[in-house]
Amino acid sequence: MIDNRQYSLHNKVALIIGGTTGIGLASAKAFVACGARVVVAARNLGRGAEAELQLRAFGDAVFHPCDVNDPSSVAELVAFSVNRFGQLDCAVNSAAYDSKPATFHEMSNEDAGNTISTDVMGIFNCMKYQIEAMLHSGGGTIVNVSSVNGLSGVPGAAMYSAGKHAVIGLTRSAAKEYIGRGIRINAVCPGATETPRRERRTAHYSDDQLLAHKEQLAQAIPIGRLARAEEIASAILWLSSPESSYVVGHSLVVDGGLLA
Ligand SMILES: NC(=O)c1ccc[n+]([C@@H]2O[C@H](COP(=O)([O-])OP(=O)(O)OC[C@H]3O[C@@H](n4cnc5c(N)ncnc54)[C@H](O)[C@@H]3O)[C@@H](O)[C@H]2O)c1
């Protein structure tokens, strides 16, 4: 377990969207461990209640439902966070659509549209209302979760890759626009990370297929293994903290050396 308590986030208010599982939940745990007050948001109420219970064992945290595809849902979530804790200091945007792997010409228009709706418009919706709240309370930090696939092409996941490239574009543009007004915006680009999302993708594999798949993946990564969600959360926490105060509009690659 990584100890991140050195970061100055005590009493900060953090909103983690897509915060009930995987990288988002690991980030929420890291914020709570640093003494931040945390709102986690996602669509699934059951997973939300479970995440809230886990987080409350360590500090002040609450779940609130939200669908990033719906601007009014995001606006309501941000208003809830500010009402609950008085302000918004840090935001992490980790939600993404579970697109089905498909070659370019076989990709359904529906899947392509859903990917862009959640991964691009969803991030836009989140940032728009988070920025508005942070302007009101005098500044803050935003970390968007992109991917190594936002920095390179991916056979079988063109729209996911396009969406993650767009997240970097949104991050860089907004970072330049708002750093003069006290809002520091960055992105993190994880490589393959052990999360429920990855488990869902391989759920239909036999044990042997799963082992072979994991070995093949690990061999392609210089460090020789997938990331743990808390290793990505650690980078997110640093980008959210005053300890990274001169880092602006950056896309921090956390990939075990894959893109090196
Ligand atoms: N796991 C990996 O290998 C990997 C690698 C690179 C980038 N990423 C990125 O990291 C982020 C988190 O992925 P993860 O692996 O932790 O996945 P995950 O499925 O475990 O978590 C995704 C979270 O987003 C929420 N979510 C999905 N759609 C939503 C919506 N419309 N509105 C609100 N919440 C929604 C889910 O409920 C869940 O809490 C994603 O942006 C993903 O693209 C993951």
Side-chain angles (χ1 to χ4, degrees), residues 1-4 14 16-34 38 40-44 46-48 50-55 57-58 61 63 92-101 115 118-119 123 143-152 154-157 160-161 163-164 167 187-240 251-260:
M1 182 147 171
I2 300 173
D3 187 352
N4 284 308
I16 323 282
I17 304 188
T20 58
T21 63
I23 291 168
L25 179 58
S27 304
K29 286 179 179 166
F31 271 100
V32 168
C34 286
V38 170
V40 285
R43 288 176 302 184
N44 188 296
R47 279 203 295 269
E50 224 173 275
E52 183 180 297
L53 201 67
Q54 285 186 41
L55 293 167
F58 302 99
F63 166 73
V92 177
N93 299 317
S94 190
Y97 180 70
D98 256 338
S99 50
K100 294 166 198 66
T115 304
T118 303
D119 297 12
I123 293 275
V143 178
N144 295 318
V145 182
S146 177
S147 167
V148 287
N149 297 340
L151 295 164
S152 58
V154 196
Y160 177 73
S161 173
K164 291 302 185 182
V167 171
V188 70
C189 297
T193 308
E194 303 268 18
T195 68
R197 179 187 181 82
R198 190 156 284 281
E199 283 165 24
R200 282 194 298 278
R201 295 216 161 158
T202 54
H204 59 288
Y205 287 12
S206 69
D207 287 351
D208 285 350
Q209 280 175 321
L210 188 62
L211 195 68
H213 170 75
K214 281 197 168 177
E215 273 173 9
Q216 199 184 2
L217 256 180
Q219 271 169 17
I221 306 168
I223 203 170
R225 63 171 177 83
L226 275 67
R228 300 190 308 273
E230 66 165 352
E231 293 177 302
I232 310 303
S234 194
I236 291 173
L237 206 68
W238 177 68
L239 286 172
S240 305
S251 302
L252 180 59
V253 173
V254 188
D255 70 347
L258 183 75
L259 295 187

Q | Flag, side chain of E199 to backbone of P196, donor-acceptor distance under 3.5 Å | A | no
Q: Taking ring pair (Phe, Tyr, Trp, His ring centres under 6.0 Å) as the test, write out the residues that go with Y205, two or more places apart.
A: H213
Q. Which atoms form the tightest heavy-atom contact between P190 and S146, and what is the distance?
A. CD-O, 3.3 Å
Q.
I want to check something: taking the side chain as every heavy atom from C-beta on, are I23 and I236 in contact at a cut-off of under 4.5 Å?
A. yes
Q) CG of D119 to OH of Y97: how many Å apart, nearest 0.5 Å? A) 10.0 Å
Q. Is it the case that more than 12 heavy atoms not belonging to D207 sit under 6.0 Å from its CG atom?
A. no
Q: Evaluate the side-chain proximity of K214 to Q209: yes if any heavy-atom separation is below 4.5 Å, no if none is.
A: no
Q.
Measuring from atom CZ of F63 to atom CZ of R47, what distance do you get when rounded to the nearest 0.5 angstrom?
A. 9.5 Å
Q: Give, for atom CG of L151 and atom OG of S251, the distance between the pair rounded to the nearest 0.5 Å.
A: 6.0 Å
Show me the side-chain donor-acceptor pairs of residues 219-235 shorter than 3.5 Å, one per line, residues at least two apart or across chains.
unit_1: R225; atom_1: NH1; unit_2: E231; atom_2: OE1; d: 2.9
unit_1: R225; atom_1: NH2; unit_2: E231; atom_2: OE2; d: 2.8
unit_1: R228; atom_1: NE; unit_2: E230; atom_2: OE2; d: 3.2
unit_1: R228; atom_1: NH2; unit_2: E230; atom_2: OE2; d: 3.2
unit_1: E230; atom_1: OE1; unit_2: I2; atom_2: N; d: 3.1
unit_1: E231; atom_1: OE1; unit_2: R228; atom_2: N; d: 2.8
unit_1: S234; atom_1: OG; unit_2: N4; atom_2: OD1; d: 3.0

**Q.** From CZ (R200) to OG1 (T195), nearest 0.5 Å
**A.** 7.0 Å
Q: Could you tell me whether the side chain of Y160 reaches within less than 4.5 Å of the side chain of P101, counting heavy atoms only?
A: no
**Q.** Student check: side-chain heavy atoms of L25 and Q54 closer than 4.5 Å
**A.** yes
Q.
Return the CG to CD1 distance between N93 and I17, rounded to the nearest 0.5 Å.
A. 5.0 Å
Q: Measure across T20 and G48 and return the closest heavy-atom pair with its distance rounded to 0.1 Å.
A: CG2-CA, 3.6 Å
(Q) Minimum heavy-atom separation for S240 and V92, please, with both atom names. (A) OG-CG2, 4.4 Å
(Q) Can you confirm whether L252 sits close enough to C189 that some side-chain heavy atom of one is under 4.5 Å from a side-chain heavy atom of the other? (A) no
Q: Write down the atom of N144, the atom of V167, and the distance for their closest heavy-atom approach.
A: CB-CG1, 3.7 Å
Q) For S161 and S152, which heavy atoms make the closest approach, and how far apart are they? A) OG-O, 3.2 Å
Q) Could you state the interatomic distance from CG (N149) to CG (L259), rounded to the nearest 0.5 Å? A) 8.5 Å
**Q.** Validation row: R198, L217 side chains within 4.5 angstrom (heavy atoms)
**A.** yes
**Q.** Verdict with supporting geometry, V38 and V40, side-chain contact (heavy atoms from CB on, under 4.5 Å)
**A.** CA-CA 6 Å; V38 170; V40 285; 4.0 Å; yes
Q) How about V253 and V148: do any of their side-chain heavy atoms sit closer than 4.5 Å? A) yes
